[in-house]
Amino acid sequence: DGKLTARHDQGTKDSKGIAIKIDSKGGTVRNCRIYNNTQGNHYQYGAIAVLSSAGHVDRCLIDGNHNLFQATSGDGFGAGVYISAGLVENCMITNNTAFTGGGAYVDGGTVRNCTFYKNTARIAGGAKATGSGKVINCVFMGDTLNASVDTSAGRPEWSGTGSCFEKCAFVGIDTLPGTSSIKVNDPFVGASVGDLHPALGANGIADKGQDYVGADAALDFEGNPRVSGPGVDIGCLEADASQFFCSFDAADGKVEGFFGENFGLVSDIVNAPDGVNFGYDWKLTDKFGNLIESHDANPVLALPAGMYTV
C-alpha cells in the first residue's frame, strides 16, 4: 500500500504481468505507481495482470508502459492492465502503448471508476473488453490509434463486446457501447492544463455513475470519499461537491442553428451559499451582430431562424 514503484521490467514470452502478477493466491496493490515497463518478448499481457477473483488493484497510477514488441503482429494485450478476474478500481491509466488495448485488456473481472487518458494502440486505444469482463463508471478521452487496422465502431476508444461497458463516458466518438454509456464533450475541469477532476453541471460526469455496494466507504484516486455528492461520479476522481459552480446548457449540449422555434436556456448553480441572491444576464448575438438579452433564470425565447452565439 503506497510502497511499491514497479518500472523497467521486460518480462518473457507468453507472460502475464510484465511487472506485477496477482495470481490464484490473490492480493491487493493499492496507492502505487506502475510505470515505464516494456514488453521484451511476444504475447505479453499487462504491466500489471490480475488473474484471481481475490485480486484487487486500487488507486494506482498506471502510466508509460509499452506492450508493442512487434508493430505488425498481434502481440501485446493491455499495456497498462490485463485482467481476467478480480477488480481494478479508482486508477489513472494514461500514456500506455499496446498492440490491443492501450490502457487495458479486460478478459474477465471488473474495471471500475478508472480514467483512460491518452493511451494508444493499433486496436482499441483505450480498452478492449470481452467475455465476462466489465468496464463500469470509466471515462475515456484522448486515446488514439497508431495504425489503421482497427475498423471497430468504437475506435479509437473502445473495442470488443459493447455490453461489457456500463455507465461509461466517452469523448469524441459517436458509437457508444452497451445501453447506458454517454457521450460527453468536456468531462473534466481542465484537461488542457492537466486537471482531470470531473466537471460539474449538465455536461460533466459528476453524479452520473452506477452505484455499487461499498461506494459510501470507498476512496477515489486521491484518497477522497468516493461519493461526495448525490451519486457516484464517472472516472477515478470524485468532484468536490462543496465547490460553487455555475453553467448553462442547451438541448443536446450544443445548438448551432435552427429554423425558427422556441429556445430554452437553462442555468445550473451548484453549492451556492445560503442567503445569496443571483442575477442572470443572458446575451445572444445573431450573425448580423444584433443583440438579444434576457435577465430571467431560465428564459424561453422565440427566435427567428438563424445562427446565434450565447
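Please read these numbers as outputs of a predicted model, since none were measured by experiment.
A donor-acceptor contact closer than 3.5 angstrom is absent between the side chains of E238 and H197. Judged purely by distance below 3.5 Å, without hydrogens or angles, the side chains of Y82 and D107 pair a donor atom with an acceptor atom. Side-chain contact, T144 with T120: a donor N or O sits under 3.5 Å from an acceptor N or O.
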TODO: For R226 and D216, run salt bridge (Lys or Arg N to Asp or Glu O under 4.0 Å): C-alpha distance rounded to whole Å, both residues' side-chain angles, the deciding distance at 0.1 Å, then the answer.
DONE: CA-CA 7 Å; R226 167 46 64 193; D216 289 339; over 6 Å; no
Open item on the list: Working note: R59 + E89, criterion side-chain contact (heavy atoms from CB on, under 4.5 Å); need CA distance, chi angles, decisive distance, verdict.
Closed with: CA-CA 7 Å; R59 296 170 51 207; E89 61 178 344; over 6 Å; no
Open item on the list: I'd like to know whether V171 forms a side-chain contact (heavy atoms from CB on, under 4.5 Å) with D186, so could you lay out the CA-CA distance, the side-chain angles of the two residues, the decisive distance to 0.1 Å, and finally the verdict.
Closed with: CA-CA 7 Å; V171 179; D186 192 5; over 6 Å; no
Task: Evaluation steps, side-chain contact (heavy atoms from CB on, under 4.5 Å), between F99 and F77 - done: CA-CA 6 Å; F99 191 98; F77 302 92; 6.0 Å; no
TODO: Apply the test side-chain contact (heavy atoms from CB on, under 4.5 Å) to residues I20 and I34: give CA-CA distance (whole Å), side-chain angles for both, the deciding distance (0.1 Å), then the verdict.
DONE: CA-CA 9 Å; I20 301 171; I34 304 160; 4.0 Å; yes
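In this structure the side chain of V111 reaches within 4.5 angstrom of the side chain of I83, judged on heavy atoms. Proximity of L284 to L301: side-chain heavy atoms (C-beta onward) are separated by under 4.5 Å at one or more points. Residues K118 and M141 are not in side-chain contact: their nearest non-hydrogen atoms beyond the backbone lie 4.5 Å or more apart. Residues L237 and E222 form a side-chain contact, since some pair of their non-hydrogen atoms from C-beta on lies under 4.5 Å apart. Residues N37 and H66 form no side-chain contact, since every pair of their non-hydrogen atoms from C-beta on lies 4.5 Å or further apart. Looking only at side-chain heavy atoms (C-beta outward), T100 and Y105 come within less than 4.5 Å of each other. Taking the side chain as every heavy atom from C-beta outward, N65 and I18 never approach each other to under 4.5 Å.
Grouping the Ile, Leu, Val, Met, Phe, Trp and Tyr side chains by contacts below 4.5 angstrom, directly or via other members, places V106 with L176. A chain of hydrophobic side-chain contacts below 4.5 Å, direct or via other Ile, Leu, Val, Met, Phe, Trp or Tyr residues, connects I93 to I22. Follow the hydrophobic side-chain contacts under 4.5 Å out from L61 and you reach L196 in the same cluster.
Classification of D174 and K183 as a salt-bridged pair holds, one side-chain N sitting under 4.0 Å from a carboxylate O. A salt bridge does not link K208 to D233: none of the charged side-chain nitrogens sits closer than 4.0 Å to a carboxylate oxygen.
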Which side-chain N or O atoms in residues 127-137 pair as donor and acceptor under 3.5 Å with protein atoms at least two apart or in another chain?
residue	atom	partner	partner atom	Å
K134	NZ	S163	O	3.2
K134	NZ	E166	OE2	3.1
N137	OD1	Q210	N	2.7
N137	ND2	N113	OD1	3.3
N137	ND2	Q210	O	2.9

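Not one N or O on the side chain of T110 forms a donor-acceptor pair closer than 3.5 Å with the backbone of R112. Side chain of W282 to backbone of D296: a donor-acceptor contact under 3.5 angstrom is found. In this structure, the side chain of N96 engages the main chain of T94 through a donor-acceptor pair within 3.5 Å.
Taking F221 as the reference, nothing meets the ring-ring contact (aromatic ring centres under 6.0 Å, His included) condition, with sequence neighbours excluded. Among residues two or more places apart in sequence or in another chain, the side chain to side chain contact (heavy atoms under 4.5 Å, CB included) test is passed with A169 by V139, I182, V184, I205, I234. Residues meeting the side chain to side chain contact (heavy atoms under 4.5 Å, CB included) test with N290, sequence neighbours left out: D286, F288.
To the nearest 0.5 angstrom, E157 atom CD is 12.0 Å from C138 atom SG. Atom-to-atom distance recorded for L145:CG and D143:CG is 9.0 Å, nearest 0.5 angstrom. Taken to the nearest 0.5 Å, the SG atom of C168 stands 10.5 Å off from the CH2 atom of W158.
Taking all atoms of both residues into account, the shortest heavy-atom contact from S180 to K167 is OG-N, 2.9 Å. For the pair T175 and I173, the tightest heavy-atom approach, listed with the atom from each and the gap, is O-CD1, 3.5 Å. When all heavy atoms are compared, the tightest approach of N31 to C60 is N-SG, 3.8 Å. The two residues D281 and E293 make their nearest non-hydrogen contact at OD1-OE1, 3.6 Å. Contact record, L51 with D23: CB-CA, 4.5 Å, taken as the closest heavy-atom pair. In terms of heavy-atom proximity, S24 sits nearest to S52 at O-OG, 3.7 Å.
Among residues at least two apart or in separate chains, ring-ring contact (aromatic ring centres under 6.0 Å, His included) pairs with a member in residues 123-154 are F116-F140, F140-F170.
Cluster note: L291 groups with no other residue, as no ILVMFWY side-chain heavy atom lies under 4.5 Å from it.
Among the candidates D58, T115, D220, the single residue satisfying the side chain to side chain donor-acceptor pair (under 3.5 Å) test with N90 is D58.
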